[in-house]
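Excluded from the calculations below are hydrogen atoms, water molecules and symmetry mates; all remaining heavy atoms, backbone and side chain alike, are included. Keep in mind that this is a model prediction, so the values were computed, not measured.
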Amino acid sequence: LLDDSPIVVALNQAQQIFVNDRPMADDAMLQNALSALLEKSHSKKVIVKADQTLSLQQVVHAMDIAKQAGAEQLALASRAETGSPPVNRR
């Protein structure tokens, strides 16, 4: 049975990585977790949510691992630092 719930990889300010809110100890654990979820995924889509303080290189690294794990679609969502005021756009 294929699942269509989103697979979310989150990178926080402390450079910790989570898959669907589960902490990942290292790149191998990240790839294994993503592979298992993507195997059951209909859309093969991974959403990468990264804290805006992280470097592009760190975000691209996580996206590369997702592709190696079988992701066919990648979406990027940036996350502001917690505690920082929202940007007022007029």
Side-chain angles (χ1 to χ4, degrees):
L1 186 70
L2 292 178
D3 187 1
D4 224 15
S5 54
I7 299 168
V8 179
V9 174
L11 293 92
N12 68 14
Q13 198 175 4
Q15 299 177 26
Q16 296 165 309
I17 300 178
F18 300 84
V19 173
N20 292 348
D21 295 326
R22 283 183 21 237
M24 298 290 119
D26 54 31
D27 289 353
M29 187 176 180
L30 172 62
Q31 188 164 350
N32 289 340
L34 287 173
S35 292
L37 289 167
L38 285 162
E39 214 171 90
K40 299 178 198 133
S41 169
H42 184 262
S43 66
K44 306 280 189 235
K45 181 176 183 178
V46 173
I47 299 166
V48 178
K49 290 185 177 181
D51 189 278
Q52 65 185 14
T53 60
L54 297 180
S55 73
L56 183 61
Q57 183 179 350
Q58 291 165 300
V59 178
V60 169
H61 181 70
M63 293 174 89
D64 284 344
I65 291 172
K67 281 205 90 73
Q68 290 166 17
E72 291 172 11
Q73 297 179 58
L74 289 167
L76 187 59
S78 68
R79 230 176 17 192
E81 281 180 70
T82 50
S84 62
V87 177
N88 233 343
R89 297 193 197 280
R90 292 179 192 259

Checklist entry - Does the side chain of H61 reach to within under 4.5 Å of the side chain of D27, using non-hydrogen atoms? => result yes
Checklist entry - Which pair of heavy atoms, one from A66 and one from L34, lies closest together, and at what distance? => result CA-CD1, 3.7 Å
Checklist entry - When rounded to the nearest 0.5 angstrom, what is the spacing between CG in L54 and CG in L11? => result 6.0 Å
Next on the checklist: More than 12 heavy atoms of other residues, nucleotides or ligands under 6.0 Å from CG of D4: yes or no?
Outcome noted: yes
Checklist entry - So, does Q73 use its side chain to make a donor-acceptor pair with the main chain of S43 at under 3.5 Å? => result yes
Checklist entry - Any idea which heavy atoms bring A50 and V59 closest together, and the distance? => result CB-CG2, 3.6 Å
Next on the checklist: Could you see if I65 belongs to whatever hydrophobic cluster contains L74? Use Ile, Leu, Val, Met, Phe, Trp, Tyr and a side-chain cutoff under 4.5 Å.
Outcome noted: yes
Checklist entry - Linking I/L/V/M/F/W/Y whenever their side-chain heavy atoms sit closer than 4.5 Å, directly or via other members, would V46 and L76 fall into one cluster? => result yes
Item to check | Nearest atoms (heavy-atom pairs only) where M29 meets P23 | outcome: CE-O, 3.6 Å
Checklist entry - What distance do L38 atom CG and Q68 atom CD have between them, rounded to the nearest 0.5 Å? => result 12.5 Å
Checklist entry - If every non-hydrogen atom of V8 is compared with every non-hydrogen atom of K49, which pair is closest and at what distance? => result CG1-CD, 3.9 Å
Checklist entry - Taking all non-hydrogen atoms of both residues, which atom of A33 and which atom of M24 are closest, and how far apart? => result CB-SD, 3.8 Å
Checklist entry - Has K45 got more than 12 heavy atoms of other residues, nucleotides or ligands less than 6.0 Å from its NZ? => result no
Next on the checklist: Counting neighbours of CD on E39 that are heavy atoms of other residues, nucleotides or ligands and sit closer than 6.0 Å, is the number greater than 12?
Outcome noted: no
Checklist entry - Between I17 and M63, is there a shared hydrophobic cluster once you connect ILVMFWY residues whose side-chain heavy atoms come closer than 4.5 Å? => result yes
Checklist entry - Which pair of heavy atoms, one from S41 and one from I7, lies closest together, and at what distance? => result CB-CD1, 4.1 Å
